[in-house]
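Quick caveat, the model's predicted, so the values are computed rather than measured.
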Amino acid sequence: MNYSFNLGVAVSSLLICIVNLIYTFIMGRTDKVQNKLFICILCILSINSITGIASAVIGLYPDRVADPEYASEVSRYAYFVTHTALCPVFYYYVSRISLVSTRLGNWKVALLSLPFFVTELMALINPLTHWVWSRELNLEFRREWGEILIYIAAALYYVMALIVFTRSWTYIAGKRKVAIVFSFVLVAAGVFVQLLDKNLKVEVLAESIGFTGAMMAVENEDDRIDFGTMFYNRIALSYDVGGCMKHHRKLSVIVLRINNYEVINRLAGNEETNVLSDILSGFLTSLVKRYYVYVPNDSTFVMTLYDKPGKEVDQLVDKLSARMEEPWEYQDFSIQISSTILVTQMPEQIREVSELFYMIDSPVPQKELKPVMKEHDLDYIMRRQAVEKAIIRGFTDNSFEVYFQPTYHIDGRIHGAEALTRMNDKELGRIFPDEFIPVAEQTGMIDDLDDYVLEEVCKFIRSGIPQKYGIVNINVNLSVLQCMKPGFIRNINRIVEQYGIKKRSINFEITESIAADDYRILSKVIKQLKDDGYLFSMDDYGTGYSNVSAIFSLNLDVIKIDKSILWGAEKSKLGMIVLENTIRMIRQMGKKILVEGVETKEQIELLRKLGVDYLQGFYFSKPIPKDEFIQLIEKDARIHRV
């Protein structure tokens with residue numbers, strides 16, 4: 001036997017383990033069960049390396065060792081007692097990073113642990129039984145039937161780890177996949193070589209490189225950490241929850257959504273750090289371990305609780321809810337945090353990762369909003385997903401229809417109309433715009449919907465019916481998000497030009513509630529489209545928070561005053577002042593004025609006196625299908641001809 005070679009191999013293995021242990025403790029990755037199992041693997045391999053060094057030294061210098069037979073026996077014993085545990089620990093490690101439940105109370109875990117206990121017991125009592133190995137002359141050892149059994153058990157755990165890993169393939173990050181595959185291949189190669197030649201002691205070195213160097217890529221969680229908060233990020237949440245779903249592991253999820261995030265950041269005036277994290281991190285980690293907290297976005301914290309009874313989850317939610325009602329001290333500020341807590345069970349209530357992110361990302365309908373929402377309070381998530389599916393199939397099933405709500409001159413003649421989308425799904429029935437439009441915007445399908453409406457309007461205008469009855473133009477709503485996309489102007493012109501209609505017959509409406517940062521880009525878009533001949537209106541004026549000068553810098557043709565301004569004028573003197581001054585200001589800027597929400601003759605008379613140009617509201621007509629709109633404009637034409 002080449003003891004010098006084996007000594008070099010053993011020393012190399014030990015150095016690899018020591019370096020990885022030092023790095024693990026320096027990086028502070030020691031708190032998770034996964035981390036502890038990794039450290040255990042390193043310790044086992046370190047002991048195996050030390051026994052390898054001892055055996056090589058005894059073989060090289062037997063005369064310098066007081067009792068070489070006894071020292072060799074102790075070294076061999078320490079090796080087998082520890083090495084027998086290596087593959088079982090590795091299996092549990094892979095199970096942990098794959099998020100398979102490994103609770104000791106689970107009978108499956110106990111059954112899976114049986115081969116380990118049997119083989120470990122055989123190694124422990126070998127000095128009495130010699131079932132695993134026996135000592136020959138010249139410090140050599142002979143393999144017995146028990147060692148083969150240990151290898152079979154190790155192979156069993158190796159295969160089980162491989163199965164777990166394969167089943168979790170989709171939910172393991174890319175570099176982790178490469179690292180674990182590297183580990184499997186290298187360990188198998190080292191074991192195979194040593195089985196062929198027991199004197200070639202390379203198994204521990206192969207395991208040291210495979211189990212430690214490769215595993216360092218798994219233990220290094222930089223790609224999973226949100227460094228602004230030091231909690232786990234959105235990607236980590238997706239992988240972890242996906243792994244739980246794959247292995248049918250029960251999971252409780254608590255979502256803490258901060259409603260006044262922007263106000264808090266402005267109050268604290270700190271753009272470099274996540275103020276919410278500074279405020280909340282200590283409290284959140286007092287409820288759950290750090291590695292069970294995620295930040296999928298700046299204003300949301302997610303806590304995961306594995307295999308916890310409902311009563312324990314409810315108690316934690318009660319603590320969280322009670323604390324969120326109290327003020328928080330931050331630097332020199334006392335801050336009141338407005339929050340919504342959403343609690344769900346997986347897979348009982350939510351069965352897919354996508355549904356969980358629906359709950360995290362989707363705004364809660366105002367009518368459903370509560371401080372704590374759980375169970376049936378979260379039915380809106382399933383409804384939202386159903387609506388999204390309805391939108392997807394709506395384009396092929398012809399679920400959408402364009403309605404028209406007429407606009408009138410102040411003297412009662414029809415001026416034009418606003419094109420509005422209506423939806424009637426074959427499964428969900430009629431879905432109102434305030435439900436399907438936000439879903440379309442959030443999923444990116446609003447572009448297709450806007451294009452559909454524009455095409456239907458162009459077809460209607462090309463028919464010649466609107467012009468025949470004196471319709472000046474038809475208003476088409478635009479999503480501001482759509483306006484910001486590259487190629488938007490080219491796409492608008494492509495649709496309109498293919499129908500050969502006059503561009504002034506289209507009046508695009510944009511809402512006032514747009515971000516101030518978007519005005520610069522939006523103004524360029526509007527200018528280019530107006531240069532092409534289109535008209536533009538500002539919809540819902542009076543409901544947003546935009547700077548007045550910025551709004552009118554957009555060079556709009558018509559300002560549509562929101563119905564809340566009109567209705568407010570009827571309720572109070574202050575409301576009347578707001579209406580009068582709003583109209584006066586718009587007039588002075590040379591813009592046309594349309595008032596929405598007209599429902600009574602008295603409102604019409606008031607607006608006539610104030611000098612409004614156009615009216616729209618249920619007094620005249622609700623939104624109606626195209627055929628009914630044609631009948632309406634035909635009737636209006638007959639009346640005004642008389």
Side-chain angles (χ1 to χ4, degrees), residues 16 20 24 29 32-42 44-45 83-104 106 108-116 119 150-192 203-204 206-224 232 235-251 291 304 306-307 346-347 352-353:
I16 292 172
N20 286 326
T24 299
R29 296 188 176 99
K32 299 170 66 175
V33 174
Q34 164 191 323
N35 303 143
K36 292 178 171 61
L37 289 171
F38 177 64
I39 292 170
C40 184
I41 289 174
L42 293 177
I44 289 172
L45 291 172
H83 199 73
T84 300
L86 184 61
C87 278
V89 174
F90 176 66
Y91 163 71
Y92 288 121
Y93 179 79
V94 173
S95 297
R96 279 290 172 177
I97 64 176
S98 302
L99 293 166
V100 178
S101 179
T102 53
R103 292 176 298 158
L104 293 177
N106 193 315
K108 290 182 179 180
V109 175
L111 183 63
L112 290 172
S113 302
L114 185 60
F116 164 65
T119 53
I150 289 175
Y151 271 103
I152 292 173
L156 174 64
Y157 284 111
Y158 182 87
V159 171
M160 288 193 301
L162 187 60
I163 292 172
V164 168
F165 172 64
T166 304
R167 289 182 60 197
S168 306
W169 181 265
T170 306
Y171 297 103
I172 297 178
K175 73 175 186 179
R176 289 187 165 199
K177 293 176 184 177
V178 175
I180 298 175
V181 168
F182 173 75
S183 173
F184 276 114
V185 172
L186 197 59
V187 169
V191 172
F192 180 73
E203 180 180 344
V204 173
E207 290 167 343
S208 297
I209 298 172
F211 282 151
T212 62
M215 290 302 103
M216 289 305 295
V218 177
E219 291 297 296
N220 185 348
E221 296 187 312
D222 288 351
D223 59 331
R224 291 168 49 87
Y232 283 148
I235 295 173
L237 178 61
S238 177
Y239 278 126
D240 292 352
V241 173
C244 287
M245 295 296 97
K246 180 68 177 179
H247 295 289
H248 310 290
R249 189 173 182 185
K250 291 185 177 182
L251 176 70
Y291 44 83
T304 55
Y306 296 89
D307 309 310
M346 302 182 75
E352 297 178 5
V353 177

Q: Mind checking the CG-OH spacing from L251 to Y306? Nearest 0.5 Å is all I need.
A: 5.5 Å
Q | Within-4.5 Å side-chain heavy-atom neighbours: V89 and I44 | A | yes
Q: Considering non-hydrogen atoms only, spot the tightest contact between V94 and A161 and give its length.
A: CG1-O, 3.6 Å
Q: Quick one: pull up CZ in F38 and CD1 in I97 and give me the separation to the nearest 0.5 Å.
A: 10.5 Å
Q: Measure from the ring center of Y151 to the ring center of Y158 and say whether it is less than 6.0 Å.
A: no
Q.
If the condition is ring-ring contact (aromatic ring centres under 6.0 Å, His included), which residues does F116 pass it with, not counting sequence neighbours?
A. none
Q | Side-chain heavy-atom pair L156, Y91 within 4.5 angstrom cut-off | A | no
Q. Hey, mind stepping through T24 and N35 against side chain to side chain contact (heavy atoms under 4.5 Å, CB included) and telling me if it holds?
A. CA-CA 9 Å; T24 299; N35 303 143; 5.8 Å; no
Q: Quick one: list whatever passes ring-ring contact (aromatic ring centres under 6.0 Å, His included) with Y239, sequence neighbours left out.
A: none
Q.
How close do V164 and S95 get, counting heavy atoms only, and between which atoms?
A. CG1-CA, 4.1 Å
Q) How many angstroms lie between SG in C87 and CD in E207, if you round to the nearest 0.5 Å? A) 6.5 Å
(Q) For the backbone of L112 and the side chain of Y157, can you confirm whether one donor and one acceptor N or O come within less than 3.5 Å of each other? (A) yes
Q: Check K32 against Y291 and note the closest heavy-atom contact, atom names and distance.
A: CG-CD2, 3.0 Å
Q: Go through L86 and L45 one step at a time and tell me if the side chain to side chain contact (heavy atoms under 4.5 Å, CB included) criterion holds.
A: CA-CA 8 Å; L86 184 61; L45 291 172; 3.8 Å; yes
Q. Got more than 12 heavy atoms from elsewhere within 6.0 Å of CD1, I235?
A. no
Q: Tell me, with the steps shown, if I41 and Y93 meet side chain to side chain contact (heavy atoms under 4.5 Å, CB included).
A: CA-CA 9 Å; I41 289 174; Y93 179 79; 4.2 Å; yes
Q | CA sep, side-chain torsions, deciding dist, call: K250, M346, side chain to side chain contact (heavy atoms under 4.5 Å, CB included) | A | CA-CA 6 Å; K250 291 185 177 182; M346 302 182 75; over 6 Å; no
**Q.** Mutual orientation of the aromatic rings belonging to F90 and F184 [parallel < 30°, tilted 30-60°, perpendicular > 60°]
**A.** perpendicular
Q | Distance (rounded to the nearest 0.5 Å) between Q34 CD and I39 CD1 | A | 10.5 Å
Q: Over all heavy atoms of both residues, which pair between S238 and V353 is shortest? Give the atoms and the distance, please.
A: OG-CG1, 4.0 Å
